[in-house]
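Working notes for the structure below.
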Amino acid sequence: MVFHQLYYRLGTLPSLTKAPPNLFEFLSAIHPYDTLSESQLEAVAARVETQRFAKGQPIYLFGETLKGLYIIVAGHVDITLETGELVSILKEKNSFGERGLLRGGKAATTAIAATNCTLLRLPKTAIEELIDKEDSFQKFFTRSRKPQAEIKTEANSGPPSSNSSKAQAPNSLATRAVEDLMTPTLIECTPTTTITEAAKLMRDKGVSSLIISDGTTLNGIITLNDISKKVVAEGHDLTAPVSAYMTSNPITLPPGAIGSDVLHLMIEKSISHVPIAANEEIIGIVTKTDLARYQMVNSAALVSQICKSNTVASLKDATNQIPQLLATLTGSGNRHDVVTRLVTDIADAVTRRLIKMAEDQLGPPPVPYLWLACGSQGRQEQTGVSDQDNCLILDDSITEDDKIYFEKLAHIVADGLNECGFVYCPGDMMATNDRWRQPQSVWRSYFEKWISSPVKEAQMLASVMFDLRAISGTASLYQDLQTETLKKASSNSIFIAHMVSNSITHTPPLSLIRGIATLKSGEHKHHIDLKLNGVIPIVDLGRIYALQGQIKPVNTRARLLAAQQAGTISTSGAHDLLDAYDLIAETRLQHQARQIKQGIKPNNFMRPTELSSFERSHLRDAFVVVRTMQAAITQGRGGL
């Protein structure tokens, strides 16, 4: 047998140049190599190198250029993070090194021989060819799937993740990107254009609306319906300027919105035209005519039902259908962020309807106010298991007598949400709590104190309140406050450090022997918590990135995309974390969908045995990515 010398960091050991006689049999028993034909497997075996390492000897170090993918023939290998934290002990037939190979060829971890061990090394070019040509290898090593819909979340916050696809379910209005629905060609006129001239322009251009602009600023929009009802039917002067009858400051949506956002807005506001704006510039418009060819999905029907409801009982009839909607959407292959967005849309609609019902009962509000959601509703990430987290920001002109009105309003809305299945927050983070129903100046002092004195309670409260999203009322009460707060937070390194420390209290459920750690006691013994130890660690990371980069979107996926775009985390780090987040979040939704179909109330606790060994392996790999990113952020590096 011919030997050759290899250089090792800890001494030298011989490395076999030829594979052992049973190599073919060995590889054929390992997935995904078991999917290859005999001739393909023989070709792979011919390219494999066999290497031996002594106990304690590094196989590769973090950041080194990898020469290939490793498979353990005999012995154990320790996988550690750059910090030295041990995250895996691998054994026979386990492979490692693929994550680094797929992220620029640099090792993402350190691998050290825990015992004397024998390894196979498949050259980088060989594994790349297999991933490129074989579906089984692509699926196994990239852990990606082609989603039915690709959306951006919340704001127009950057490119999709590395494993995204533009493929969409046919005629799926709910998940269709609004930039695919809108008419990009806009017909404009000036505020002084007469009604007659505007009507002629619409006729000649074959459109039903005009954008009113003075050349630099959007002044408003006027539609054929406006001319018909406001001018002609009332017998008004047709030579009057369009500015007298236009809708000023029309509601807009970003190009990253989806079809259901448009439809829900049209239903709630009784409008038929929605301009699409990016960076305060109108880039298109969506009309009811544009939507006519798409079939309304259940979420839109539920929102319509909610908007017509006048009692809590009828609202509850609508929200009782959420579990089935979640199961249907998940079963149809929709991505997790599409499903949770649609579920959150329903919660938003219920909240706004309850607020309107409260105002009808109490009378007009004495001062401007803003109702905001935090938690999963604030982040647009609600699933089949959601409590309510909300607050009120009141105008500083409020008097003590005025406060009674908002106390009553808060209880009407919170009680209604509880009846509709959005149960009271166990931590009392609700507008019914006097502490979370305060004037804008008090809220400003809250944020200033949390940032300047980040004690444990302040960290916890900031983690919740930095996920605020306006639901109903005067949005300006929070817009400037959010900008000010993000600026102060990002410049306070002590506050950021405390928030980082608080964020890593939620860790992925990893066990060292290539497994997933389950709960050791209690009602859910032998289960994993896919919320607290699954998605929440990534939610926490996204929030830290948002604070560091003054990123306004509160949706986790939008934060990660924006952080990548802003350079807060590297492109490879963002892609890894997005892929991990997608896998964990979809596993959670699929678990809940299975429970719903079985007639079980959905929860976040899943037995790992519900998954195949293939799925468990990939879920664990996703947890390792999250732990790696947590380790990076504790070292002052936002992302690898």
Side-chain angles (χ1 to χ4, degrees), residues 145 147-149 151 153 168-176 258-264 267-268 291 294-354 373 375-377 379-388 416-424 530-531 534-535 582 584-607 610-611:
R145 68 178 183 86
Q148 287 193 344
I151 68 168
T153 336
Q168 299 181 17
N171 300 322
S172 178
L173 171 62
T175 58
R176 179 76 65 173
I258 55 177
S260 66
D261 295 331
V262 179
L263 190 53
H264 295 171
I267 292 169
E268 290 186 39
L291 304 181
Y294 297 104
Q295 182 179 4
M296 277 179 37
V297 297
N298 288 343
S299 62
L302 290 180
V303 169
S304 179
Q305 179 182 340
I306 289 164
C307 292
K308 296 173 184 176
S309 297
N310 293 309
T311 65
V312 173
S314 59
L315 290 174
K316 186 177 180 180
D317 287 340
T319 57
N320 282 342
Q321 299 177 58
I322 290 177
Q324 187 56 52
L325 173 66
L326 183 145
T328 300
L329 291 171
T330 303
S332 298
N334 289 286
R335 253 178 40 175
H336 68 93
D337 47 339
V338 174
V339 178
T340 55
R341 170 81 77 86
L342 297 179
V343 171
T344 305
D345 284 347
I346 296 169
D348 291 353
V350 170
T351 304
R352 285 191 283 265
R353 188 59 189 153
L354 286 167
S376 59
Q377 184 181 3
R379 297 190 303 272
Q380 294 181 300
E381 294 167 3
Q382 287 190 305
T383 67
V385 188
S386 297
D387 57 8
Q388 57 174 294
L417 287 171
N418 184 65
E419 281 292 313
C420 291
F422 304 103
V423 299
Y424 297 125
L530 287 169
K531 177 183 178 181
V535 298
D582 288 343
I584 296 168
E586 287 180 11
T587 299
R588 180 190 181 200
L589 279 186
Q590 289 161 2
H591 163 69
Q592 292 185 4
R594 285 193 297 270
Q595 290 180 311
I596 291 166
K597 291 177 182 177
Q598 295 166 5
I600 302 171
K601 185 177 180 179
N603 61 37
N604 294 301
F605 300 94
M606 183 191 75
R607 287 183 179 271
E610 289 184 31
L611 305 176

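Atom set for the values below is all heavy atoms of this structure, side chains included, hydrogens, waters and symmetry mates excluded.
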Closest non-hydrogen atom pair between [X] and [Y], with its separation:
| X | Y | value |
| --- | --- | --- |
| A318 | L302 | O-CD2, 3.7 Å |
| L354 | G416 | CD1-C, 3.7 Å |
| E268 | A349 | OE2-CB, 3.8 Å |
| F422 | I322 | CZ-CD1, 3.9 Å |
| L611 | R594 | CD2-NH2, 4.4 Å |
| G384 | P602 | O-CG, 3.7 Å |

Does the side chain of [Y] come within less than 4.5 Å of [X]'s, by heavy atoms?
| X | Y | value |
| --- | --- | --- |
| T383 | V339 | no |
| K531 | R588 | yes |
| K308 | S314 | no |
| V303 | L263 | no |
| R341 | D337 | no |
| I346 | Q382 | no |
| Q592 | N604 | yes |

What's the spacing between [X] [atom1] and [Y] [atom2] if we round to 0.5 Å?
| X | Y | atom1 | atom2 | value |
| --- | --- | --- | --- | --- |
| Q595 | N603 | CD | CG | 4.0 Å |
| L530 | E586 | CG | CD | 12.5 Å |
| L329 | Q324 | CG | CD | 10.0 Å |
| I584 | L589 | CD1 | CG | 12.5 Å |
| Q388 | N418 | CD | CG | 6.5 Å |
| D345 | D348 | CG | CG | 6.0 Å |

For the side chain of [X] and the backbone of [Y], is there at least one donor-acceptor N/O pair under 3.5 Å apart?
| X | Y | result |
| --- | --- | --- |
| T330 | Q590 | no |
| S304 | A300 | no |
| R353 | S309 | yes |
| T319 | C420 | yes |
| E419 | K316 | no |
| H591 | F605 | yes |

Open item on the list: For L342 and I258: C-alpha separation, side-chain torsions, deciding distance, then whether side-chain contact (heavy atoms from CB on, under 4.5 Å) applies.
Closed with: CA-CA 10 Å; L342 297 179; I258 55 177; 4.2 Å; yes
